Amino acid sequence: MATTNIADLISTQWLLPGVFTNFDASNAIRGLRGMPRSLGIFGQVTNPLFNPANFNKQLQVTIEAEAVGLLGEGSMALAMWRGAKKNAGLGLKINVIAIPDDVTAIASVRSLTFTAAVGHLSGEQALYIGGSRYSVGVTDIDTATTIRDKMLAKLNSDAKLAYVAVTSGAAAITLTAKVKGERFNDIDIRTQYYPDDYPVQGVSIAVAQVTAGAVNPNLSQAIVNLRNTRDTHWVMPYNDSTNMALIEAEALRRWSHDVQSDFQFSTCVRGSEGTINTWLIPRNSFCGHTVCVQKDLTDPWVTAAMAGAVIESQCMLDPVTLAGLPMVGYMPPVLSEHFEDDQVNNLMLAGGSCLDVLEDGTAVLFPVVTNYITHKTGAYDESYRYLTWVKTLSYFRWYRNVEFAIQTDGFKIGEYAEDIPGQKILTKSKGEDIALKCYENFVDAGMMQNMAYYTKTMLSQISGSKFKIVDQPVIMLEHNQTEITSKWVAGHV
């Protein structure tokens with residue numbers, strides 16, 4: 001057996017006899033390490049007893065009772081938490097960043113005006129508010145006022161309602177949003193959704209905007225407070241340019257090589273193709289992705305939370321495959337009112353992501369693209385198009401950083417040194433072995449490919465106290481299209 005020089009555990013100056021055993025965990029994990037993942041949700045609260053000292057800070061919320069008691073029924077934050085929780089995989093932590101209303105904010109006010117024509121029929125009258133269904137029975141002797149009173153009682157029996165509902169005028173209800181700001185102007189209110197929602201003949205409910213909500217909270221203080229926290233995905237409920245610029249700048253800062261605490265964030269915008277396209281033009285962040293919707297029922301901030309939870313849960317398993325994942329609890333538009341295929345394509349080219357609405361009234365993720373479409377030079381750039389690419393690179397960087405940190409802890413480094421058994425010396429070959437093993441693990445997990453190319457093109461160098469690598473990982477792609485050409489033949493062959 002060859003003689004090796006094994007490094008000492010105990011100083012040669014310690015002369016007392018004994019047996020000294022040390023355990024080294026650097027080789028304990030032989031496969032992929034799971035990347036710690038958590039979802040951060042920004043949202044306003046309605047709980048009057050909420051401790052103001054906890055505003056703009058990260059709070060981990062795990063169970064329903066805790067969420068209700070902390071955030072308050074009817075709040076944006078609680079609705080988002082519920083949407084995320086329905087779609088969260090096992091092990092995904094959900095953190096809430098509670099945001100206060102701006103002191104100058106204005107609440108959105110809507111009105112519901114009931115009419116009942118002489119001789120109207122009996123039946124069930126439905127009303128949908130943000131996807132929640134409220135229905136009342138109508139008899140042929142009901143007046144507009146009695147129908148109004150039945151609906152008011154039904155609304156006030158639901159603590160989850162995002163509005164304070166009171167009577168107004170002869171046969172009307174005034175709905176005042178519990179949370180102030182412009183976002184609550186986007187709550188969908190309608191009387192029909194399912195095919196069997198037949199309005200009572202001769203009865204109608206007119207919906208009108210009385211006062212437009214205005215002034216979103218500013219997230220600057222929250223972002224400052226979160227600088228040293230690490231969520232891997234944020235949910236952004238606000239679409240105004242000020243807050244979008246703040247979160248995009250923070251995401252880019254964390255993505256950089258000197259911070260490396262990166263996250264991606266999800267948003268949702270509701271509107272026509274043209275309206276959404278105009279909103280997307282200035283975005284251009286590969287750390288952000290936007291769910292584009294029209295004529296759906298679910299509140300956009302809840303949709304963003306659902307998408308964030310679905311995506312981050314899948315990334316715990318495999319960040320390469322995101323398309324086709326179901327959005328549990330989401331209420332899409334009826335199929336005929338969804339975006340047409342060419343509209344979906346146009347929005348994707350503009351940096352927006354759409355959902356695939358199925359015939360059974362559910363929706364799944366379509367290939368998710370980032371908001372990034374233009375290089376800083378102004379040139380069209382596809383290099384960060386798909387979120388799967390960014391998520392895979394993020395995981396690869398985190399994993400490799402961890403492996404190098406653990407496997408070279410306490411090492412010396414020598415440009416001309418050789419590997420000596422038992423000695424902690426980072427040589428060129430040792431550093432390359434760590435890098436190649438990291439890549440091999442990702443190849444085995446189906447997230448990277450072409451080990452031979454990676455090995456051949458990797459460059460390494462020791463310069464002073466630094467070990468440097470330039471490599472060319474070949475990421476796995478999400479399968480989106482299949483092309484088949486059938487050259488058919490008729491008759492005898």
Side-chain angles (χ1 to χ4, degrees), residues 2 4 7 24-37 232 255-262 264 286 314-322 370 372 375 381-480:
T4 59
D24 183 347
S26 59
N27 292 325
I29 307 297
R30 304 305 298 170
L32 278 179
R33 297 176 188 271
M35 182 179 181
R37 294 186 179 275
T232 47
W255 179 266
S256 65
H257 66 276
D258 54 337
V259 179
Q260 301 180 98
S261 180
D262 51 279
Q264 287 75 45
F286 60 82
Q314 177 61 24
C315 285
M316 291 194 295
L317 305 173
D318 185 350
V320 179
T321 53
L322 299 180
T370 72
Y372 180 82
H375 188 267
D381 186 5
E382 301 175 41
S383 57
Y384 286 102
R385 165 168 285 173
Y386 290 101
L387 182 63
T388 57
W389 301 351
V390 182
K391 286 287 190 182
T392 301
L393 293 172
S394 174
Y395 184 14
F396 185 55
R397 175 165 69 177
W398 173 87
Y399 175 79
R400 192 166 53 179
N401 287 355
V402 169
E403 291 301 303
F404 267 96
I406 291 175
Q407 295 193 42
T408 64
D409 180 44
F411 272 53
K412 310 166 189 175
I413 188 170
E415 183 177 357
Y416 305 105
E418 296 180 355
D419 292 319
I420 302 173
Q423 295 291 331
K424 287 187 169 184
I425 301 174
L426 180 59
T427 62
K428 190 170 183 289
S429 61
K430 172 67 174 175
E432 289 178 347
D433 285 346
I434 296 173
L436 290 172
K437 185 59 180 176
C438 288
Y439 193 77
E440 183 182 27
N441 285 338
F442 268 69
V443 171
D444 291 343
M447 288 180 269
M448 299 289 181
Q449 56 185 318
N450 204 335
M451 186 75 196
Y453 176 83
Y454 181 81
T455 303
K456 180 179 68 174
T457 57
M458 186 177 70
L459 302 175
S460 69
Q461 177 187 10
I462 290 178
S463 177
S465 62
K466 291 183 179 181
F467 178 63
K468 301 179 180 179
I469 287 181
V470 175
D471 65 350
Q472 297 185 40
V474 186
I475 64 175
M476 199 72 76
L477 306 180
E478 187 176 38
H479 174 233
N480 292 332

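Index from 1, following the sequence. Everything numeric in this text was worked out from a predicted model, so none of it was measured.
Under the ring pair (Phe, Tyr, Trp, His ring centres under 6.0 Å) criterion, F467 pairs with no residue at all, not counting sequence neighbours.
Remark: the backbone N or O of Q449 is paired with a side-chain donor or acceptor of Y439 at under 3.5 angstrom. Between the side chain of T392 and the backbone N or O of T388 there is at least one donor-acceptor pair closer than 3.5 Å. With hydrogens and angles ignored, the 3.5 Å screen pairs a side-chain donor or acceptor of T427 with a backbone N or O of K430. Proximity of a side-chain donor or acceptor of R397 to a complementary backbone N or O of W255 within less than 3.5 Å is detected. Put simply, the side chain of D471 never gets that close to the backbone of P473: no donor and acceptor are under 3.5 Å apart. Between the S460 side chain and the E432 main chain, no donor and acceptor come within less than 3.5 Å of each other. Checked by atom type and distance alone, the side chain of E478 pairs as donor or acceptor with a backbone atom of L322 at under 3.5 Å.
To the nearest 0.5 Å, the span separating NE2 on H257 from CG on D262 amounts to 13.5 Å. Atom CE of residue M316 and atom OH of residue Y395 lie 11.5 Å apart, to the nearest 0.5 angstrom. One distance of note links CG of D433 with CG of D419; it measures 7.5 Å at 0.5 Å rounding. The distance from the CG atom of D409 to the NZ atom of K424 is 6.0 Å, given to the nearest 0.5 Å. Separating the CE atom in M476 from the OG1 atom in T321 is a distance of 11.0 Å, to the nearest 0.5 Å. Here the OG-CD distance, from S465 to E415, works out to 11.5 Å after rounding to the nearest 0.5 Å.
F286 has its side chain out of reach of S383: every pair of non-hydrogen atoms, C-beta onward, lies at least 4.5 Å apart. A 4.5 Å side-chain heavy-atom check between V390 and Y372 finds every atom pair outside the cut-off. Counting heavy atoms from C-beta on, the side chains of T232 and W398 never come closer than 4.5 Å. At least one side-chain heavy atom of M448 sits under 4.5 Å from a side-chain heavy atom of I475.
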Next item on the list: Show your working on side-chain contact (heavy atoms from CB on, under 4.5 Å) between M35 and Y399 and close with a plain yes or no.
Entry: CA-CA 7 Å; M35 182 179 181; Y399 175 79; over 6 Å; no
Margin query: Is there a side-chain contact (heavy atoms from CB on, under 4.5 Å) between M447 and F396? Walk through the geometry before answering.
Written below: CA-CA 9 Å; M447 288 180 269; F396 185 55; over 6 Å; no
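Contact detail for V320 and G446: the closest heavy-atom pair is CG2-O, 4.2 Å. Among all heavy-atom pairs drawn from R37 and C315, the shortest one is NE-O, 3.4 Å. Contact detail for A435 and I469: the closest heavy-atom pair is CB-CD1, 3.5 Å. Across all their heavy atoms, G414 and I462 have their closest contact at O-CD1, 3.6 Å. Closest of all the heavy-atom pairs between I413 and G464 is CG2-O, 3.9 Å.
A salt bridge does not link R400 to E403: none of the charged side-chain nitrogens sits closer than 4.0 Å to a carboxylate oxygen.
Identified under the ring pair (Phe, Tyr, Trp, His ring centres under 6.0 Å) test for residues 403-422, with sequence neighbours left out: none.
In this structure, E418 places its CD atom where only 12 or fewer heavy-atom neighbours from other residues, nucleotides or ligands lie under 6.0 Å away.
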